[in-house]
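Just so you know, these numbers come straight off a predicted model, no measurement behind them.
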Amino acid sequence: MAFGLIIIGDEILSGKRVDKHFPKVVELLNARGLQLSWAEYAGDDRARITSVLERVFKSDDIVFSCGGIGATPDDHTRQCAAAALKMPLVLHPEAKLKIEERIADVAREAGKEPDFNAADNAHRMKMGEFPQGASIIPNPYNKIPGFSVEYGVGGAAYFVPGFPVMAWPMIEWVLDTKYSHLFQTVPRLEKAVLVYEQAESTLTPLMEAIEAEYPLVKVFSLPSVGDANTRRHIELGVKGAPDQVEAAYLKMLAGLDRFNAEYQPV
């Protein structure tokens, strides 16, 4: 299964906010033996968000979407998900109860009785309007839920707020509740060396030969121009199925030796 990430918001693309979701989601997945396959950013534009979601809903990917599920004029994700699914937005009964709980909590903290018919509270209910057939994602921070939809063969999209304090626990809940059967199921190993003063073009035939001989291995090459403390080098490595990685690593070292390359293990 492929895991994907969508990050929505003009504030990210304009630089007003620095995205923190990408590294955190990578961390949450890696800790469970899973890996992010792709990520995409989109501004607060309904046509673009809808187009992205239409493409996602044609896949079997497991996707997390962060941002835009509120009820202000610049929040479009709920509406776009409904449009992409060609389903109406409806007030989810469980979401309604959770939002009412939140309204009551806020009122009590202020020493008042909750007025669920007040204009601002009626507007808050829009945050519980999800595409028909959606399920809710619990929000431990303020009870206002996110939502999820299913599609394809095992595919699902999980929509959470843009606030990390809410989004990250919600994503962890999804992973631990829905996908624990996938944790640590694919053994992976990575081994690499730093190769000094060599050109990638010189090493490319070696990399191609390794991938041709070991189909369960990927070769990676991360060049660096160096700095005041480090000479120009390439981090050259292999990753994938452990049994093939060990053999591929030895082949890589033998190939570097034929070039009389200077290298050291990472």
Side-chain angles (χ1 to χ4, degrees), residues 1-32 34-87 89 92 95 127-139 141 144-179 182:
M1 288 184 175
F3 285 87
L5 175 64
I6 303 170
I7 299 162
I8 295 172
D10 284 348
E11 69 277 7
I12 300 296
L13 298 180
S14 69
K16 283 187 176 181
R17 294 268 179 93
V18 175
D19 170 45
K20 298 179 181 178
H21 293 302
F22 177 82
K24 185 63 178 183
V25 171
V26 169
E27 174 191 320
L28 294 176
L29 290 172
N30 288 351
R32 293 161 173 78
L34 305 172
Q35 190 169 7
L36 188 66
S37 295
W38 59 267
E40 189 161 345
Y41 293 83
D44 297 315
D45 178 88
R46 286 202 184 195
R48 186 173 297 279
I49 297 170
T50 301
S51 176
V52 170
L53 293 178
E54 284 175 340
R55 176 163 31 89
V56 166
F57 295 157
K58 292 176 183 177
S59 75
D60 300 322
D61 292 351
I62 300 165
V63 179
F64 295 102
S65 175
C66 301
I69 66 170
T72 56
D74 59 343
D75 290 319
H76 306 299
T77 305
R78 293 177 297 105
Q79 297 91 330
C80 293
L85 291 166
K86 295 179 172 57
M87 298 293 287
L89 274 179
H92 193 288
M127 292 190 288
E129 294 180 354
F130 304 141
Q132 190 171 55
S135 300
I136 69 166
I137 304 170
N139 180 344
Y141 184 80
I144 308 297
F147 69 98
S148 66
V149 298
E150 297 181 353
Y151 46 82
V153 180
Y158 298 91
F159 297 86
V160 299
F163 299 102
V165 70
M166 303 178 195
W168 298 350
M170 294 168 78
I171 292 172
E172 287 197 86
W173 180 88
V174 169
L175 290 171
D176 295 340
T177 303
K178 305 290 187 181
Y179 300 107
L182 299 178

Under 4.5 Å between any side-chain heavy atoms of [X] and [Y], yes or no?
| X | Y | answer |
| --- | --- | --- |
| Leu53 | Ile6 | yes |
| Glu172 | Arg32 | yes |
| Tyr151 | Val56 | yes |
| Ser65 | Thr77 | yes |
| Ile69 | Asp75 | no |
| Met170 | Pro161 | yes |
| Leu28 | Leu34 | no |
| Cys80 | Val52 | no |

Under 3.5 Å donor-acceptor, [X] side chain and [Y] backbone:
| X | Y | answer |
| --- | --- | --- |
| Thr50 | Ala47 | no |
| Arg48 | Asp44 | no |
| His76 | Asp45 | no |
| Arg78 | Glu129 | yes |
| Ser59 | Gly152 | no |

Give a yes or no on this: more than 12 heavy atoms of other residues, nucleotides or ligands lie within 6.0 Å of atom CD of Glu40.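 Result for CD/Glu40: enclosed.
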Residues, nucleotides or ligands: over 12 heavy atoms within 6.0 Å of Arg46 CZ: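 Yes - once you tally the heavy atoms of other residues, nucleotides and ligands closer than 6.0 Å, there are more than 12.
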Between [X] and [Y], what is the shortest heavy-atom contact and its length?
| X | Y | value |
| --- | --- | --- |
| Phe130 | Pro145 | CZ-O, 3.8 Å |
| Phe147 | Ile137 | O-CD1, 3.3 Å |
| Asp10 | Gly43 | OD1-CA, 3.3 Å |
| Gly128 | Ala95 | CA-CB, 3.8 Å |

Any chance you could measure [X], atom [atom1], to [Y], atom [atom2], to the nearest 0.5 Å?
| X | Y | atom1 | atom2 | value |
| --- | --- | --- | --- | --- |
| Glu11 | Asp74 | CD | CG | 7.5 Å |
| Leu13 | Tyr41 | CG | OH | 9.0 Å |
| Asp19 | Leu5 | CG | CG | 7.5 Å |
| Ile144 | Met127 | CD1 | CE | 4.5 Å |
| Ile12 | His21 | CD1 | NE2 | 6.5 Å |

Look at the rings of [X] and [Y] and say which category their plane angle falls in: under 30° parallel, 30 to 60° tilted, over 60° perpendicular.
| X | Y | answer |
| --- | --- | --- |
| Phe3 | Phe64 | parallel |
| Phe159 | Phe57 | perpendicular |
| Tyr158 | Tyr179 | perpendicular |

